[in-house]
Amino acid sequence: MQSPETVRLSLCSRFGGCASKVGAADLARVLAGVRFPEDAKVLVGLSTSDDAGVYQLTRGLALVQTVDFFTPIVDDPFDFGRIAATNALSDVYAMGGTPVTALNITAFPIDTLDESILRRILEGGAAVAAAAGVVILGGHTVKDEEPKYGMAVTGTIHPGRIVTNAGARPGDHLLLTKPIGAGILTTARRRDGIPESDLTVAIGEMTRLNAAARDTMLAHDAHAATDITGFGLLGHAGEMARASRVGIEIEAAAVPIFPRVLELIDLDFVSSGTEGNLTHHAEFTSFADHVTGAIRVALSDAMTSGGLLIAAEPRDIRAMYKELAPTHTCAIVGRITEDGDGTISVL
Ligand code: CO
Ligand code: CO
């Protein structure tokens with residue numbers, strides 16, 4: 001039995017966090033062969049790779065549902081629980097919805113790892129749920145060699161106010177509400193490249209709810225939004241570009257990146273999830289010559305619990321930026337173009 005004092009939770013699994021997600025290309029190939037039931041009440045389904053599904057109940061009310069769980073990316077079980085819960089709730093916020101209830105999804109090696117660790121993970125999730133005004137109705141726990149935790153979340157949304165990733169329009173600007181590169185930092189920590197204290201800023205951001213960003217985008221007429229997680233900034237922006245049938249320009253120098261990330265990329269602290277993203281993103285992304293290799297990797301970083309990427313008219317994006325900037329490390333990072341259907345150019 002490993003005790004809570006000596007165990008390093010993030011080393012209990014082969015892949016960390018959202019890097020443990022099956023890659024976009026693999027997933028697309030698998031899903032292509034499956035026939036899922038269809039229903040006219042499905043307002044957002046599988047077809048657009050959006051953040052959450054939406055199902056209409058009545059004229060003025062729809063359900064928004066999502067599920068997310070993964071392996072530990074940090075050593076502190078309470079922090080892991082908080083990050084996993086914040087990340088699970090994020091997909092509801094990304095659609096403009098209000099999360100209401102959640103179910104815990106847990107896997108744990110109860111015979112080899114002290115049960116107090118599991119309790120701390122669940123306490124972390126409960127703390128985030130409480131802060132979000134979400135009730136945890138129950139859950140399901142299985143024995144597994146590697147710990148895993150997350151939530152299935154149900155929220156509400158007005159059917160006329162759904163913010164998908166398909167609504168971006170040429171001329172829109174793009175706001176990003178958190179820095180990128182948390183996946184590089186947690187990978188470096190797992191491989192002992194940085195001390196625990198270098199993760200503090202990133203843990204602060206990964207446990208920050210996207211609730212305020214959601215409020216701001218609804219108040220200022222967002223056309224499209226998604227949250228940045230396992231497929232990285234370029235992957236999620238690429239999904240928006242394809243779903244909206246537009247091109248996207250990203251201004252590399254404007255993208256907020258956590259401290260030390262570029263130097264750690266040069267030292268090769270890159271997860272297999274990010275490596276996979278890089279290959280996939282090359283198919284639809286072009287880079288200006290001045291964009292360094294390290295920045296290209298950071299833009300593909302497989303993250304957990306990243307910020308929202310929001311498209312709206314330039315003056316609305318400026319208004320959102322002004323509202324969020326005092327409390328969020330946010331930035332206006334690019335714009336939507338007419339040509340370049342589904343492609344991204346990084347300038
Ligand atoms: Co998402
Ligand atoms: Co998700």
Side-chain angles (χ1 to χ4, degrees), residues 17-28 31 43-55 63-70 73 83-99 102 105 128 132 134 149-155 157 162-168 174-183 205-214 217-218 222-244 248 273-274 276-277 280-281 299-311 330 333 344:
C18 279
S20 64
K21 210 166 157 175
V22 172
D26 290 340
L27 197 58
L31 291 180
L43 304 181
V44 178
L46 291 156
S47 59
T48 56
S49 12
D50 226 309
D51 295 297
V54 183
Y55 181 88
L63 286 180
V64 48
Q65 292 196 297
T66 178
V67 57
D68 249 297
F69 70 110
F70 48 81
I73 55 167
I83 292 168
T86 308
N87 181 73
L89 293 168
S90 176
D91 280 328
V92 173
Y93 292 127
M95 308 291 296
T98 303
I105 300 165
V128 165
V134 168
Y149 174 64
M151 284 175 171
V153 182
T154 299
I157 195 165
I162 302 165
V163 185
T164 68
N165 62 13
L174 284 168
L175 182 72
L176 177 66
T177 68
K178 293 183 189 179
I180 62 168
E205 290 291 347
M206 288 189 284
T207 54
R208 178 201 293 280
L209 290 169
N210 281 327
R214 186 277 315 260
M217 82 168 176
L218 289 183
H223 294 160
T226 189
D227 62 339
I228 306 306
T229 54
F231 299 151
L233 176 59
L234 290 182
H236 292 285
E239 285 181 338
M240 183 184 285
R242 280 189 295 282
S244 302
I248 289 182
T274 299
N277 283 346
H280 179 51
H281 299 168
L299 293 173
S300 289
D301 180 37
M303 285 183 63
T304 302
S305 200
L308 298 188
L309 181 70
I310 305 167
C330 58
V333 298
I344 298 183

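Because only heavy atoms are used, hydrogens play no part in the values below, and waters and symmetry mates are left out as well, while side chains stay in. Since the model is a prediction, treat every value here as computed from it, not as a measurement. Both ligands and their constituent atoms are indexed starting at 1 by order of listing.
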* To do: Would you check, one step at a time, whether the test side chain to side chain contact (heavy atoms under 4.5 Å, CB included) holds for L175 with T177?
  => CA-CA 6 Å; L175 182 72; T177 68; 4.2 Å; yes

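- We find that R208 and E205 are joined by a salt bridge, their nearest charged nitrogen and carboxylate oxygen being less than 4.0 Å apart.
- With respect to the Co ion (ligand 1), D227 has OD1 as its nearest N, O or S atom.
- Checked by atom type, the side-chain pair T304/N87 shows no donor-acceptor distance below 3.5 Å.
- D68 lies apart from the Co ion (ligand 1) in this respect, since none of its N, O or S atoms is found at a distance under 2.8 Å.
- To the nearest 0.5 Å, atom OG1 of residue T226 and atom CG of residue D91 are 7.5 Å apart.
- Minimum-distance N/O/S atom of D91 relative to the Co ion (ligand 1): OD1.
- Atom OD1 is the N/O/S atom of D51 found closest to the Co ion (ligand 1).
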